[in-house]
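One structure is given below, encoded as structure tokens.
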Amino acid sequence: NTHPHHANTDPTHHFHLPPHTMAPPDFTNDDRFDGLYLNIANQAQGIEPLLDTVFSFLRRKSDFFAGPPNASAGGAAGGSSSSSSISSAGRDVGTENAIAKVNEVLQKHAAIYLADKRRKEEENAKALKKREQKTADLKKRNENEEGRSSCSKQQQEEDVIELGEDGGFDISGAAEVSKSEETAANSTTGDVGTPNSNTTVNDDVNDNQEEDNTPPPVGNGGTVPGKYVWTQTLSELSVTVPLPDNTRGRDLNVTISKSHLKIGLKNQSNLMINDDLTKSIIVDDSFWTVEDGNRLVLTLQKLHQMEWWPSVCASDPTINIQKVQPENSNLGDLDGETRQTVEKMMYDQRQKAMGLPSSDEQKKLDVLEKFKRAHPEMDFSNAKIS
């Protein structure tokens, strides 16, 4: 019997490798035997021992090194003894053929590996080029946005109606804009002491805008106390979630979907974030990573990349998007003062999550401690920090 399993019952019996009478199947990427080889590799504990098991099997249980039966050296007929595989020069033809076959298979798989490596490098180069182009487009859009904002501001300044020397509104400049506006201006000058209703409404709106003296949102985003800090550009959001120290990626459950975000620690039942997103994102281009073992950073790619988000999650506090500044808003791109503010908010959130004092509270405690050392005669046991 030539079957290898039957050959195992008789240690002296070898199975013969059959000649290829038809095109063999493609085993170069066959994964059916991965489980078997992984088991062998775990026991062999190394590449060379793993290869030793393969060639040991071929040497002991097959005619791989000896060559097919009745094959003679140099093609001579009738050589049925084992000495027939020895050439006139004293070389073992069967062994040489075995070595040649191993080299042939090895070269074949080396060529496959190199081809796959080149293909991956080309794909990475294309992806890098795409990201660089995307960054350039975003920069150009931001510059255009700044240009439009500047033009709009200039136009508003040109349309301002100033107060004339007689106490009325001087509309001579505005009258030059168009003939229709000139007619309206002339009708208004009939009673120079009384401005028209449109001017009154515009003044009210301007007064309301001037009353909003809050600064622009840091990084075009904000902070959600106890949850995260976020920034944004026109194309993406960056969300930083404070984590306990020494947290690893495998300790987290993070689910990013088109319109929902869920984040939690595997050893805790309460989720850190479980809410609908304000707008939709591109899931395939969004990703997350753990930095310094104490914060989770999510990069969410916006589906519509020409709009600002008032908040990341639907139930969280919103920002005034009218005050958003069109500039790069990634944490690494912020100026030193702004980045320091964001990092301070992140630090305070981590301290609060661990039940520890914030940076401002710690400063007060340090001052109290210094005062206590300077006045040891005083009792501070009931002192409270506010």
How about [atom1] on [X], more than 12 heavy atoms from neighbouring residues, nucleotides or ligands closer than 6.0 Å, or not?
{"X": "Tyr113", "atom1": "OH", "result": "no"}
{"X": "Lys140", "atom1": "NZ", "result": "no"}
{"X": "Asn246", "atom1": "CG", "result": "no"}
{"X": "Arg250", "atom1": "CZ", "result": "no"}

How far does [atom1] of [X] sit from [atom2] of [Y], to the nearest 0.5 angstrom?
{"X": "Glu143", "Y": "Leu138", "atom1": "CD", "atom2": "CG", "result": "10.0 Å"}
{"X": "Thr299", "Y": "Phe287", "atom1": "OG1", "atom2": "CZ", "result": "3.5 Å"}
{"X": "Asp245", "Y": "Asp292", "atom1": "CG", "atom2": "CG", "result": "10.0 Å"}
{"X": "Asp285", "Y": "Arg131", "atom1": "CG", "atom2": "CZ", "result": "10.5 Å"}
{"X": "Asp316", "Y": "Lys227", "atom1": "CG", "atom2": "NZ", "result": "3.5 Å"}
{"X": "Leu106", "Y": "Ile99", "atom1": "CG", "atom2": "CD1", "result": "13.0 Å"}

For Asp360, salt bridge (Lys or Arg N to Asp or Glu O under 4.0 Å) partners two or more places apart: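 For Asp360 the salt bridge (Lys or Arg N to Asp or Glu O under 4.0 Å) partners, ignoring immediate neighbours, are Lys344.
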Output, in order, the C-alpha distance, side-chain angles, deciding distance and verdict of side chain to side chain contact (heavy atoms under 4.5 Å, CB included) for Val297 and Ser238. CA-CA 7 Å; Val297 179; Ser238 178; 4.1 Å; yes
Side chain to side chain contact (heavy atoms under 4.5 Å, CB included) for Lys364 and Leu368? Distances and angles first, verdict last. CA-CA 6 Å; Lys364 295 179 181 178; Leu368 176 62; over 6 Å; no
[Y] and [X], any side-chain heavy atoms less than 4.5 Å apart:
{"X": "Val324", "Y": "Pro217", "value": "yes"}
{"X": "Asn142", "Y": "Lys139", "value": "no"}
{"X": "Arg59", "Y": "Ser56", "value": "yes"}
{"X": "Lys130", "Y": "Lys134", "value": "no"}
{"X": "Trp308", "Y": "Lys323", "value": "no"}

Polar side-chain atom of [X] near backbone of [Y] as donor-acceptor pair, under 3.5 Å:
{"X": "Thr247", "Y": "Asn294", "result": "no"}
{"X": "Ser286", "Y": "Gln301", "result": "yes"}
{"X": "Thr318", "Y": "Pro310", "result": "no"}

Linking I/L/V/M/F/W/Y whenever their side-chain heavy atoms sit closer than 4.5 Å, directly or via other members, would Val283 and Trp288 fall into one cluster?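 Different hydrophobic clusters.
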Membership question, hydrophobic clusters at under 4.5 Å side-chain separation (ILVMFWY): are Leu300 and Ile321 in the same one?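 Ile321 and Leu300: one cluster.
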Heavy-atom closest pair, residues [X] and [Y]:
{"X": "Ser311", "Y": "Trp230", "result": "CA-CZ2, 3.7 Å"}
{"X": "Ile319", "Y": "Gly221", "result": "CG2-O, 3.3 Å"}
{"X": "Arg295", "Y": "Thr240", "result": "CD-CG2, 3.7 Å"}
{"X": "Pro376", "Y": "Arg373", "result": "CD-O, 3.7 Å"}
{"X": "Trp309", "Y": "Lys279", "result": "CH2-O, 3.2 Å"}

May I have the list of side-chain donor-acceptor pairs in residues 254-265 shorter than 3.5 Å, sequence neighbours left out?
{"residue": "Ser257", "atom": "OG", "partner": "His260", "partner atom": "N", "Å": "3.1"}
{"residue": "Ser257", "atom": "OG", "partner": "His260", "partner atom": "O", "Å": "3.0"}
{"residue": "His260", "atom": "ND1", "partner": "Asp275", "partner atom": "O", "Å": "3.2"}
{"residue": "His260", "atom": "ND1", "partner": "Asp276", "partner atom": "OD1", "Å": "2.7"}
{"residue": "His260", "atom": "NE2", "partner": "Asn274", "partner atom": "OD1", "Å": "2.7"}

Listed by chain and number, what are the side-chain contact (heavy atoms from CB on, under 4.5 Å) partners of Leu114, not counting sequence neighbours?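 Checked Leu114 against side-chain contact (heavy atoms from CB on, under 4.5 Å); matches are Arg118.
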Quick one: which of Glu236, Glu307, Gln232 gives a side chain to side chain donor-acceptor pair (under 3.5 Å) with Lys302?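 Result for side chain to side chain donor-acceptor pair (under 3.5 Å) with Lys302: Gln232.
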Can a salt bridge be assigned to the pair Lys126 and Glu122 using a cut-off of 4.0 Å between side-chain N and carboxylate O?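 The answer is no: the pair does not qualify as a salt bridge.
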Going by atom types alone, do Gln133 and Asp137 pair a side-chain donor with an acceptor below 3.5 Å?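 On atom types as modelled, these side chains qualify, holding a pair under 3.5 Å.
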Partner residues of Glu369 under the side chain to side chain donor-acceptor pair (under 3.5 Å) criterion, sequence neighbours left out: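 Glu369 satisfies side chain to side chain donor-acceptor pair (under 3.5 Å) with no other residue.
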Please table the atom pairs, donor to acceptor, closer than 3.5 Å between any side-chain atom in residues 34-55 and protein atoms at least two apart or in another chain.
{"residue": "Asn39", "atom": "OD1", "partner": "Gln43", "partner atom": "NE2", "Å": "3.3"}
{"residue": "Asn42", "atom": "ND2", "partner": "Leu38", "partner atom": "O", "Å": "3.1"}
{"residue": "Gln45", "atom": "NE2", "partner": "Asn42", "partner atom": "O", "Å": "2.4"}
{"residue": "Thr53", "atom": "OG1", "partner": "Leu50", "partner atom": "O", "Å": "2.5"}

Got a sec, which hydrophobics cluster with Leu303, joining ILVMFWY side chains under 4.5 Å apart, including via others?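 Taking Ile, Leu, Val, Met, Phe, Trp and Tyr as members, Leu303 shares its hydrophobic cluster with Ile282.
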Could you check Lys266 against Asn253 for side chain to side chain contact (heavy atoms under 4.5 Å, CB included), going step by step and ending with a plain yes or no? CA-CA 6 Å; Lys266 291 183 178 179; Asn253 278 325; 3.4 Å; yes
Between Asp251 and Leu243, does the side chain to side chain contact (heavy atoms under 4.5 Å, CB included) criterion hold? Intermediate values first, please. CA-CA 11 Å; Asp251 300 328; Leu243 300 172; over 6 Å; no
Using the salt bridge (Lys or Arg N to Asp or Glu O under 4.0 Å) rule, take Glu104 and Lys101 through it: C-alpha gap first, then chi angles, then the decisive distance, then the call. CA-CA 5 Å; Glu104 177 187 342; Lys101 177 57 68 176; 3.3 Å; yes
